[in-house]
Amino acid sequence: MKQWRIGRGSKQVMSFSAIGVMNALVDIGALNLLMLFFPTDDRIQLIMYNTISYVLAIINSYFWNAKLTFPSKAIHDRKQVLLFIIQAVIALGISNLVFYGALLIFEWTSFPRYIERNISKGLAMLLSSASSFFMMKHLVFPRRSPKQEKD
């Protein structure tokens, strides 16, 4: 029984990680397109770009994680969608705080701005993704009892 749970948990982590790579491409791609088409040095506008790119990635995340990572637990009712939105807002807050903090730290370096912003985005993605996984696993798609899984 323990081996089955470890295997299932590993599969969830691998699936979540693969979807995370896809989300990262959406997130970084959108951020870089916004910075390319609407260049700015304004940190507040950069936070807005981060928010837009994050929201696109989180929509992608919900679709694929509900389908692949937590399919037996995805019931798509109002409660589950609300919990997903709550965890997404918390993870977005973490993302924006880390992104902003890293931008402030990079003011003391001489890296090109493009590199600073992408490293900041990478750090923000790493920490918000880790928090998102635990919130989705335990809050949005929690383990259901055997009786609930039969229903």
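Taken from CZ in F37 to CG in L33, the straight-line distance is 5.5 Å, to the nearest 0.5 Å. Atoms CD1 and CD, on I94 and Q87 in that order, are 9.5 Å from each other to the nearest 0.5 Å. To the nearest 0.5 Å, atoms CG (N23) and OG (S61) are separated by 4.5 Å. Of the inter-residue distances, the one linking L25 atom CG with N60 atom CG reads 9.5 Å to the nearest 0.5 angstrom. Here OG of S132 is found 10.5 Å from CG of L139. Values are rounded to the nearest 0.5 Å. If you take CZ on R113 and OG on S120, they are separated by 13.0 Å, rounding to the nearest 0.5 Å.
Heavy atoms only, all atoms of each residue included: S128 and A91 are closest at CB-O, 3.3 Å. Annotation for R117 and F99: closest pair O-CE1, 3.6 Å, computed over non-hydrogen atoms. In plain terms, the two heavy atoms of A124 and S95 that are nearest each other are CB-O, 3.3 Å.
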Can M125 and I28 be said to form a side chain to side chain contact (heavy atoms under 4.5 Å, CB included), step by step?
CA-CA 9 Å; M125 287 170 38; I28 290 176; 3.5 Å; yes
Run the side chain to side chain contact (heavy atoms under 4.5 Å, CB included) check on V98 and K121 step by step: do they pass?
CA-CA 8 Å; V98 172; K121 182 63 174 175; over 6 Å; no
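Listed by chain and residue number, L31, L34, M35, F38, T40, Q45, L46 satisfy the side chain to side chain contact (heavy atoms under 4.5 Å, CB included) test with Y49 (two or more places apart in sequence, or in another chain). Partners of D42 by salt bridge (Lys or Arg N to Asp or Glu O under 4.0 Å), not counting sequence neighbours: none found.
For the pair R78 and V81, the minimum side-chain heavy-atom distance is 4.5 Å or more. Counting only heavy atoms from C-beta outward, the side chains of I58 and F84 approach each other to under 4.5 Å.
Other residues, nucleotides and ligands contribute at most 12 non-hydrogen atoms within 6.0 Å of the CZ atom of F134. Applying the 6.0 Å contact sphere to CE of M135 captures more than 12 heavy atoms from other residues, nucleotides or ligands.
The backbone N or O of Y114 sits less than 3.5 Å from a side-chain atom of N118, completing a donor-acceptor pair. No side-chain donor-acceptor contact under 3.5 Å links S129 to the backbone of L126. Between the side chain of T51 and the backbone N or O of I47 there is at least one donor-acceptor pair closer than 3.5 Å.
There is no path of hydrophobic side-chain contacts, each under 4.5 Å, that joins F133 to V21. Hydrophobic clustering, with ILVMFWY side chains joined whenever heavy atoms are under 4.5 angstrom apart, keeps L127 apart from L103. Residues L104 and F111 fall into different hydrophobic clusters, defined by Ile, Leu, Val, Met, Phe, Trp and Tyr side chains chained together at heavy-atom separations under 4.5 Å. V89 is connected to L83 through a chain of hydrophobic side-chain contacts under 4.5 Å among Ile, Leu, Val, Met, Phe, Trp and Tyr, so both are in one cluster. F63 and V26 are assigned to two separate hydrophobic clusters, defined by single-linkage of ILVMFWY side chains at heavy-atom distances under 4.5 Å.
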